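Data first, discussion second: the structure below is written as structure tokens.
Each chain gets a letter, A, B and so on, in the order its sequence line appears, and its residues count up from 1. No experiment lies behind these values; they were computed from the predicted model shown. Values below: every heavy atom of this structure, side chains too, minus hydrogens, waters and symmetry copies.
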Protein chains: 2
Amino acid sequence: MLTERQMLILQVIIDEFIETAHPIGSRAISKKGTIPYSAATIRNDMADLEEKGFLEKTHSSSGRIPSEKGYRYYVDHIAASISGQSDEYIIKDLIQDGFYEFEQIVQLSAEVLSELTNYTSIILGPEMMETKLKQIQMITLTPHTAVVILVTNTGHVEHRTFTIPSEINPSDLEKMVNIINHHLAGSPVISLPELFNSEIISMMKKYMDDFDQTYQYLKTAFLAEQPVKLYIGGVSNILMQPEFNDVEKIRTFLTMMEKEDEIATLLKQTDDGINVTIGQENEVEAIKDFSLITSTYRLDEGQHGTIALLGPTRMEYKRVISLLKVLSNEMTEALYMWYKNNG
Amino acid sequence: MLTERQMLILQVIIDEFIETAHPIGSRAISKKGTIPYSAATIRNDMADLEEKGFLEKTHSSSGRIPSEKGYRYYVDHIAASISGQSDEYIIKDLIQDGFYEFEQIVQLSAEVLSELTNYTSIILGPEMMETKLKQIQMITLTPHTAVVILVTNTGHVEHRTFTIPSEINPSDLEKMVNIINHHLAGSPVISLPELFNSEIISMMKKYMDDFDQTYQYLKTAFLAEQPVKLYIGGVSNILMQPEFNDVEKIRTFLTMMEKEDEIATLLKQTDDGINVTIGQENEVEAIKDFSLITSTYRLDEGQHGTIALLGPTRMEYKRVISLLKVLSNEMTEALYMWYKNNG
DNA sequence: GTTAGCACTCTTGGATAGCGAGTGCTAATT
DNA sequence: AATTAGCACTCGCTATCCAAGAGTGCTAAC
């Protein structure tokens, strides 16, 4: 479909545009020397490429810029093969350094990723899918307040403070917590609500006087939806990109970034491995002007999180893709080591 | 120092400028009717006000805008007396609704505050100053990993996951945790490091074989500096303000907002009650173009947090001040009720 | 198939002029 | 003595125009 030369021209244009964000003219390409043909020849090919939808003009006598279809072709046919190297060591060093806190490493990764690329990085914390309940603790603060702490096998901790109404007997609550620990420890967190209903209720009826209220209470206390944690890095970095020359664009972008739950659902839907969605390919209206590159990392079987970079469609695809590959591999490996060595 | 009329003029100009963000001319004031004098008279007074430093011109033939000194005068002499009403109920309703989670109410307050004002709100979580240790829990995840959970009497939970090196005997760690709970429960969190050194070390030497390592470990595990939590609301809201017409200003603002620790230290330094710092009065370079209004709320004796609104110097001082007054009172009261009723 | 040449298009930046809002001053009015 | 009307002057803002520059598309020549 595309001649050898046309492909080359497309590549040069995209590379150049990614760097400068300015439309590229035939003369400029010719002078660069990468393609040993005259401006006129290149001009003809460019006209063809435009006709086929890989290039666009901003106005009738401007240079060409890549269309989304052009980027797509570039990502699929051209950028795929190349791997970056220089960033690799930064990432590896980052992960190597001490690793006591999962959250720290993730937050740090998000920041470094953004710093390295000047795009916005978003890391979705591991989903609790296959996380298992390790233990529940209830600690009474005052006769009528308590904090319930839920610990998973991955070391994740959730807690919730609540008031104990006077109708409820604190010792009932304690009994209940014991029952839960005894019967549900080791169960996947995600199935807790269900198990709670099926297994625990009957148990409790035996042991407790005032069942209903206690039940309702504990239920809301720790079955409330547990938000997936989102680590966002360098929201201000992306504003360095020349496409944000317009105040209005910044506003819409930032407003979008504040809707963390939407972003989370978006990232959850990604497939395994590297994933590139360009402009209009994105289903979410708000990022139809952006490209989103995602990569998954795994903690344990079935348990995975997502690393993403959000930038303008004019993105350094080659570099970003290899960067995400390295990072997600390193994260997977680091986490694997952590579990296997210690487990 | 200022005549009655000059004060009135200053007030009208500031009120008007706060609303429109455009320089105000003498004719406009005269036509408004609030001041029954001709434009020329007002013009003379305005010249005086400028000479005294309360007003400025953007250029030689523009209308006047308030100077920072002008705002200061306004805040001290004019805005002080007035109290807003309409927002009051929103705040009260907000706080009234269920109150299980301290964090939730704070985050929500931050968002509402920003929504109501279109400034950026920052709430500093309560300092741990006088918070007391309730209990420490250690839960082993695998033979070589554990999570240490620290619970305070206010229901605040800190946790830290760490690896147990093979040199350390897990049962030693457990002993240690018991010792800590036994001896330090009820002690102020802030003095834990010190108490740890003075009281616990001797205890531990008696009971444990491999003291040194265990000690070092637990120490880093929960004496690491506990960051004060910062709740920021509506970073994108403030961009609605016309002073953010410039992309560069947005960039610097956002870059500043990402430095959470700096903001935290800034807010920690505030005195009790309402505090208004206007423009250059701010010590931190980055917000010398902004005004910061802070208010404190208290949890328990000695324990307090800060609510702040950050906006352009052209701020709705009257409204914001009364808003913060109401909110901090409501928060103080709600927290007070929570403790006393349940404690 | 490739290239040189040329007319045409469109953006960008600088220069200029006119308009409007506002001031400062002076002289007249109360 | 305080207030006001009148008027010249200043400055920013906008529109318009112009020239330069970059790039295209097409045609004709190589």
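- Between Ile24(B) atom CD1 and dG20(C) atom P there is a gap of 21 Å when expressed in whole angstrom units.
- Between Glu50(A) and Arg64(A), at least one side-chain nitrogen of the basic residue sits less than 4.0 Å from a carboxylate oxygen of the acidic one, meeting the salt-bridge criterion.
- Whole-Å rounding puts the Ile42(B) CD1 to dG24(C) P distance at 14 Å.
- The distance from atom CG of Leu49(A) to atom P of dT24(D) is 12 Å, rounded to the nearest whole Å.
- Residue Glu50(A) has its side chain nearest to dG25(D) when only dG25(D), dT4(D), dT11(C) are considered.
- A donor-acceptor contact under 3.5 Å links the side chain of Arg43(B) to the base of dG6(D).
- Atom CD in Glu51(B) sits roughly 15 Å away from atom C1' in dT23(C) (whole-Å rounding).
- Contacts of Thr41(B) with the nucleic acid, taken as non-hydrogen atoms under 4.0 Å apart, include base atoms.
- For Lys249(A) and Glu243(A), the salt-bridge test fails: no basic side-chain N is under 4.0 Å from an acidic carboxylate O.
- Nearest nucleotide to the Arg5(A) side chain, out of dG24(C), dG25(D), dT2(C): dT2(C).
- One can find a donor-acceptor pair under 3.5 Å joining the base of dT9(C) and the side-chain atoms of Ser61(A).
- Contact check on Asp76(B) versus Arg72(B) returns a salt bridge, with a Lys/Arg side-chain nitrogen under 4.0 Å from an Asp/Glu carboxylate oxygen.
- Here dT2(C) presents its P atom at 11 Å from CD of Gln6(A), a figure rounded to the nearest Å.
- With the nearest nucleotide of DNA chain C identified for both Gly63(B) and Asn44(B), Gly63(B) has the one nearer the 5' end.
- Contact annotation: Ser60(A) side-chain N/O to dC10(C) OP1/OP2 distance is under 4.0 Å.
- Between dG25(D), dC11(D), dA5(D), one nucleotide has an atom nearer to the side chain of Lys57(A) than all others, and that is dG25(D).
- The residues Glu283(B) and Lys288(B) are annotated as not salt-bridged, no charged nitrogen and carboxylate oxygen being separated by less than 4.0 angstrom.
- As rounded to whole Å, 14 Å separates atom P of dA4(C) from atom OH of Tyr37(A).
- Side-chain nitrogen and oxygen atoms of Ser26(A) include at least one within less than 4.0 Å of the OP1 or OP2 phosphate oxygen of dT24(D).
- If you measure from atom CD1 of Ile29(A) to atom P of dT3(C), you get 14 Å, rounded to the nearest angstrom.
- Counting non-hydrogen atoms under 4.0 angstrom, Arg27(A) reaches nothing in the nucleic acid.
- Of the candidates dT11(C), dT4(D), dG25(D), dG25(D) carries the atom nearest the Arg64(A) side chain, counting heavy atoms from C-beta on.
- Along DNA chain D, the nucleotide nearest Thr58(B) and the nucleotide nearest Ala40(B) are compared for position; the residue whose nucleotide lies closer to the 5' end is Ala40(B).
- The closest side-chain heavy-atom distance from Leu2(A) to Tyr73(A) is below 4.5 Å.
- In this structure, CE of Met46(A) is placed 8 Å from P of dG25(D), rounded to the nearest angstrom.
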